[in-house]
Amino acid sequence: MIVVSAKDLTKAYGTDVILDKVSFSINRGDRVGIIGINGAGKTTLLNMLSGELSCDGGDFFISDDLRLGYLKQDSGFDSEDTVWEAASAVFRHFPEMEEEMERLLKEAADDPENSGKTLEKYQRIRDRYEWMGGYSYESELRGILSSMAFGEETYGKRISTLSGGEKTRLALALLLMEKPDILFLDEPTNHLDIGTLKWLEQYLKGYRGTILLISHDRYFLDQTVNRIFEVENHKVQIYEGNYHFYAEERKRRRETMLRQYEKQQKEIARQEEMIRRFKQRGTEKLAKRAASREKRLDAMERIERPDGEHGKMKVTFHQNFQSGRDVLQAEHLSKAFGIGRDRRQLFRDVDLDVKRGERICIVGDNGTGKTTLLRILIGDLQPGEGKIRNGHNVQFGYYDQGQQLLDPGSTVIEELHDAYHLYTDGELRGLLGRFLFTGDQVFLTVGDLSGGEKARLALLKLMMSGANVLVLDEPTNHLDIESKEVFEEALLEYPGTCIIVSHDRYFLNRIPTRILELTPDGLVNFLGKYDYYIEKKQEMIRSGKAYLSEMGSKGTGSPLEEKPVLTSAQRREEQKKREAEERRLRRQKESLEKEIAQLEEEIARLEGELSREEVMTDHEMLQKLAKGLEIHRGELDDRYEKWLELQD
């Protein structure tokens, strides 16, 4: 059943067209991920569908009997209510029903002669109360608040005193409690840690309504959506699958369109050459042939060249010289802040041995000291205890997630000049162009840049450093999807060593050769990528091994599983086995995706045949085509089921 549909939606601001004749339909239960570069019009689309922004052209339909809930990127949530008061207000109908039931019971007791009708009314309200979840609403309320990191100690806080991130989390919690039929979510993963993200993913998987969400979190999209709407060049391209399917299908579509375009261009060139030769001969007969061919050429439906990729960063990390094989060794590092009762221990007994060429990603709960550990490793902070030894020829390059190393008073080009004064203006402008700073943008003040622009500038400075050990603190924050993927490819090709703190799970499934989890009692080593890390943690929990729980019993200091001791050869062998399994699964997925694409093309062809007028009057042909269509759809469902199994 279609619950949302749009036809020829158009929106422009003056001469700046945002969306141009966009059409689509959404069925009940669909989970749609809306993606696109910053400024493409994703939020504009949601604002139009929610009625908060008028359309310049076209129309859309949303079923009148459906309730709509909208979480904006900037919740604008402000109130003098407490957290508990705001949350309880969502369920205010339950206390009202409870009061009514108490009143009816009292009325029945006071007037026994007429109690029959009163008790019937009481029973109707009680049944409705039970059906709506009245007996469990308070536990549900507490559960959702807890999952969004609001413990009982926060219930009395005024909303006006909460941070921006806390307000966003609370707004999301209240929206989920209301259970609207259609959820509009604009960047719902902002300000959520990995534990909360996993909870939200599971909640949305079980959600019975329809979801439209904007997100740059590729792992979250893979886990939660079954359709992708890509907003690009003022249009919406639709992909019937999650983010991984979209990425592969988008590449395939572009390659197919480019081949068709190039093939047609060759044919056009051949025909034009023949027309030219016919005309050169000057005979009447050949002139007629030339005119005939020109008519056919003019009538040809031209295939437009596929839109080129949007401006992408061009990143290539290099090292000025190679480090020694042993890059860094740390023994028994600890760090605490404060003294006496105010003393706060971040971590202790951290051991780390880094070899050349490794890509190590560090994960852990918020507040465990991941950024502090990075600063200790590069010598920016001193540890409370322990020691660090750097290897031969080690040169660190540090990316600070807050971009505090940039001078807010400098212009973009001055920021580079100050660090690399041997470059000419022309050379610097060329490098800035590779990072999407063009024209007068190079004269913008750093303090006036957006988060994404600052991130690109910091990455450019890092690229120019030629460091052989990159130490990166949340490097994908503020980058859009395309920039993230370009950056990831550059890291995979980088010959040096990487030590990275990240909570981007898609990134963690591509980049690391191993993952280290920072806990209050040290580092735990996992020889694989994110999915392997989660699998091993769950195995530890199931087998009863002492370990901090996956969702984090924060700061409990529980003893950890004994750290595995493996030789370098054993580690390489383990890595080879995992990579071989990953390649096998990838080939299986690619084969299924190819079959899916072929089946979808054949289904589209059969549907086109069925709509032809001559076929609609031929009952035998209709029956044959309908049967073929049914068989192909069954095969397509089977392939999709197998493909989805491989995503788990």
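Remember, predicted model here, so these are calculated numbers, not experimental data.
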Novice: With Y243, which of F245, Y246, Y239 fulfils ring-ring contact (aromatic ring centres under 6.0 Å, His included)?
Specialist: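 Running ring-ring contact (aromatic ring centres under 6.0 Å, His included) over F245, Y246, Y239 with Y243 returns exactly one hit, Y246.
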Novice: Looking at R252 and E249, does any basic side-chain N land under 4.0 Å from a carboxylate oxygen?
Specialist: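 Looking at R252 and E249, the cut-off is met.
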Novice: Any side-chain donor-acceptor pair under 3.5 Å between D480 and S483?
Specialist: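 Judged by distance alone, the side chains do pair up.
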Novice: Does a side-chain heavy-atom distance below 4.5 Å link Q237 with R250?
Specialist: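 No, too far: nothing below the 4.5 Å cut-off.
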Novice: When rounded to the nearest 0.5 angstrom, what is the spacing between CZ in R67 and CD1 in I62?
Specialist: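 Here the interatomic distance stands at 14.0 Å.
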Novice: With the side chain counted from C-beta on, respond yes when M1 and S63 share a heavy-atom pair under 4.5 Å apart, and no when they do not.
Specialist: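 Answer yes - side chains close enough.
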Novice: Is there side-chain contact between L373 and T368, with at least one heavy-atom pair below 4.5 Å?
Specialist: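 Sidechains of T368 and L373: no contact.
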Novice: Could you check if a side-chain atom of D217 sits within less than 4.5 angstrom of a side-chain atom of L197, using non-hydrogen atoms only?
Specialist: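 D217 vs L197: side chains touch.
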Novice: For the residue pair L145 and Y155, establish whether any side-chain heavy-atom pair is separated by less than 4.5 Å.
Specialist: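 With C-beta onward as the side chain, the pair touches.
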Novice: Relative to the ring of F94, is the ring of Y137 parallel (under 30°), tilted (30 to 60°) or perpendicular (over 60°)?
Specialist: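 Ring orientation, 0 to 90° scale: parallel.
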Novice: Can you list everything that forms a salt bridge (charged side-chain N to carboxylate O under 4.0 Å, His left out) with D504? Sequence neighbours excluded, please.
Specialist: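 Counting only residues at least two positions away or on another chain, D504 forms a salt bridge (charged side-chain N to carboxylate O under 4.0 Å, His left out) with R218, K484.
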Novice: For the residue pair L185 and L175, establish whether any side-chain heavy-atom pair is separated by less than 4.5 Å.
Specialist: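 The answer is yes, as the side chains (C-beta and beyond) meet within the 4.5 Å cut-off.
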